[in-house]
Amino acid sequence: MTLRLLGGEMAGWSDAAPAGGSAYGFLLSELRSLVPAGGRVLVAGPHDPALLTGLRAYAEITCFVRSQPDADALSSAGFSVLCGSLAKLTDSDQYDLVVALDGVGRLCSVEGPQFDWAESVQVLRRSLRPGGALLLAVENELGVHRLVDRVTPTAAHTDGDWRPLGEYDETKPGTPSRLRERLAADGLTPGWLATAWPLPSAPTLVIDEPRLRYGPAGALAAVASGVTATAYATRRVLSDPRRLASTAIRGGLGAELAPAWLVLAFRGPAPSLSLPPAVLNDGPLGPLPDGRLLEELLIGACLRHDLPALRQLLTSWVAAAPGVSADNVIVGDSFAVLDPARAAVAPAVAIGHFAATLLAGGYDQPWPHAHDVPSLTAVLLAAAGVSGADLPEISDSAPDSLREHEERVRRLEEQLADAAIRVKYVETELIHRDAELRKARLQIDMFSGKVGYRITRFGMRAARAARRSLRKMT
């Protein structure tokens, strides 16, 4: 296939972490109807080769990248490639579909003009044929992934961040409604708009905006929390992103705090297109039950110190869904399992995992003496009516979050302060009783040298001897 250098290409350097993932792959397969027979597709920016292979099944693919090593690799794989800076891309070649799932932040090279978000979108728009479609990912600078990130997007951390603007690119829209307005102002007709979770570069969950706002909030929050837990299992963060994601969705702010938005816009009227309201991994997300996540209800009861409600939830959990973890059960009119494919465990182990979550999150709970997983698990097992068992070591699957670390340190400081008060009280009592003992000894020593004391001691010994004699005679 052909490799055309446009100018501004970057030699000896490659873009890392291209956009990819099975959710993006499924969505691209659903857009087949937008590309006519023999149609052309432009893929702008670094994308996973698996996405390109899926697109090549029904369209002629042209890849646009700024890295010459990346361009050589794509050309060797049989793709037509344009290599260089976005400023060199002309509208002489037009396409039926332009795909920019990596956004527009990595389309300009160091050897050319640095376009802002709006200028980059305008170049991509000019590459569309009349009636063509643009599939664009837009990272949300106020997304959950940014709010829990320990590093700032306005400072260079890799050699690809030579122009780190972050939220200071004033042309970049900050809400879904502003994104639609900006695209309309550029001559595009916004159609489908969805949110991507938990990371913009490789989301595993895509939910369209109407589904997110009006669907079963509790179940959607649980699914988003689950995929976020998987993505952040080994990442260091400011605070637990699972809590932030689920709270945002339940509170009606899921679209505003989503890590990224996916928008399908058209150069002309938007055709009718049926896309799944939600995609999980490589297929549509099935029907979800209505209700709240059991784990959240249990935590709420612990925070309120509502022991009757806590016992009722625990006993009902063990009766209705034994062995299913609390983050996989939706409580509505009944107890429903969110993901039946997840392996079940022993009820005691499931309760132990909840105890680990309760302690790792720094949540308040009614048993301050139960400050480790085994002791808290034993209390919860008793409340659930489950006989004690030898538990295996429960691993803590919570993200390494600074806020939860600080909360655990604060609780340890409270326990140490309480222990210090107890130690001080005991020391005071010991000093007081030691003083009384010394006073008693002084009094004994003082009286032991007196004649009266000696006569009294002699009389007591004589009385004891007489009493023993009388007992023998009787």
Side-chain angles (χ1 to χ4, degrees), residues 18-20 23-36 39-47 51-52 54-56 58-66 80 82 86-87 89-108 115-140 169 171-173 175-196 200-201 203 206 208-209 258 260-275 279:
Y24 278 160
F26 176 79
L27 287 174
L28 289 176
S29 67
E30 292 292 296
L31 300 181
R32 182 188 298 262
S33 60
L34 297 178
V35 183
R40 304 180 64 202
V41 176
L42 175 68
V43 181
H47 287 69
L51 297 182
L52 305 178
L55 277 171
R56 188 160 57 176
Y58 61 87
E60 178 187 337
I61 305 300
T62 299
C63 302
F64 171 76
V65 292
R66 60 184 180 177
S80 297
L82 301 175
L86 185 64
L89 187 65
T90 65
D91 55 359
S92 58
D93 293 332
Q94 294 190 325
Y95 302 87
D96 300 286
L97 175 65
V98 173
V99 176
L101 293 176
D102 189 61
V104 296
R106 298 197 287 181
L107 298 179
C108 295
F115 286 173
D116 58 24
W117 185 88
E119 292 170 334
S120 300
V121 171
Q122 289 167 6
V123 174
L124 296 181
R125 175 199 168 278
R126 291 195 297 268
S127 299
L128 285 173
R129 288 176 177 168
L134 168 66
L135 180 62
L136 175 67
V138 182
E139 182 179 3
N140 181 10
D169 184 351
T171 68
K172 187 176 182 180
T175 65
S177 59
R178 290 188 176 182
L179 175 57
R180 291 191 181 93
E181 293 171 1
R182 188 61 56 83
L183 292 175
D186 287 337
L188 293 168
T189 304
W192 176 79
L193 190 144
T195 59
S201 59
V206 176
D208 69 16
E209 190 181 16
W261 303 300
L262 296 178
V263 61
L264 188 62
F266 300 88
R267 187 174 179 180
S272 60
L273 181 67
S274 178
L275 291 174
V279 174

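All values reported here derive from a predicted model rather than from experimental measurement.
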What I'd like to find out is whether the side chain of [X] reaches to under 4.5 Å of the side chain of [Y], using heavy atoms alone.
X	Y	value
Leu89	Ser127	yes
Leu179	Val263	yes
Leu107	Phe64	yes
Leu31	Leu275	yes
Lys172	Val138	yes

Please name the pair of heavy atoms, one in [X] and one in [Y], separated by the smallest distance, quoted to 0.1 Å.
X	Y	result
Leu183	Ala265	CD1-CB, 4.1 Å
Val35	Tyr58	CG2-CE1, 4.0 Å
Leu101	Ala137	O-CB, 3.3 Å
Leu135	Trp192	CD1-CZ3, 4.4 Å
Pro203	Pro200	CD-O, 3.6 Å
Gly268	Thr189	O-OG1, 2.7 Å

Any donor-acceptor pair under 3.5 Å from [X] side chain to [Y] backbone:
X	Y	result
Asp208	Leu193	no
Gln94	Arg126	yes
His47	Pro18	no

Verdict with reasoning, Val123 to Phe115, per side chain to side chain contact (heavy atoms under 4.5 Å, CB included): CA-CA 10 Å; Val123 174; Phe115 286 173; 3.7 Å; yes
With rounding to the nearest 0.5 Å, note down the distance linking [atom1] in [X] to [atom2] in [Y].
X	Y	atom1	atom2	result
Leu82	Cys63	CG	SG	9.0 Å
Arg56	Ser80	CZ	OG	9.5 Å
Leu124	Leu86	CG	CG	6.0 Å

Residues in side chain to side chain contact (heavy atoms under 4.5 Å, CB included) with [X], at least two apart?
X	answer
Arg106	Asp15, Pro46, Arg66, Asp102
Asp96	Pro36, Arg40, Arg129
Ala133	Leu34, Leu97, Leu264, Phe266
Thr171	Asp116, Trp117, Ala118, Asp169, Arg182

Not counting sequence neighbours, which residues clear side-chain hydrogen bond (donor to acceptor under 3.5 Å, both in side chains) with [X]? List them please.
X	answer
Ser29	none
Thr195	Trp197
Thr90	Ser92

Taking only residues two or more places apart in sequence, or in another chain, which ones meet [X] in a salt bridge (Lys or Arg N to Asp or Glu O under 4.0 Å)?
X	answer
Asp93	Arg4
Arg125	none
Arg180	Glu209

CA sep, side-chain torsions, deciding dist, call: Tyr24, Leu262, side chain to side chain contact (heavy atoms under 4.5 Å, CB included): CA-CA 10 Å; Tyr24 278 160; Leu262 296 178; 3.6 Å; yes
Worked verdict on Leu188 versus Leu128 for side chain to side chain contact (heavy atoms under 4.5 Å, CB included): CA-CA 10 Å; Leu188 293 168; Leu128 285 173; 4.0 Å; yes
Side chain to side chain contact (heavy atoms under 4.5 Å, CB included) between Val279 and Leu27, intermediate numbers included: CA-CA 8 Å; Val279 174; Leu27 287 174; 4.0 Å; yes
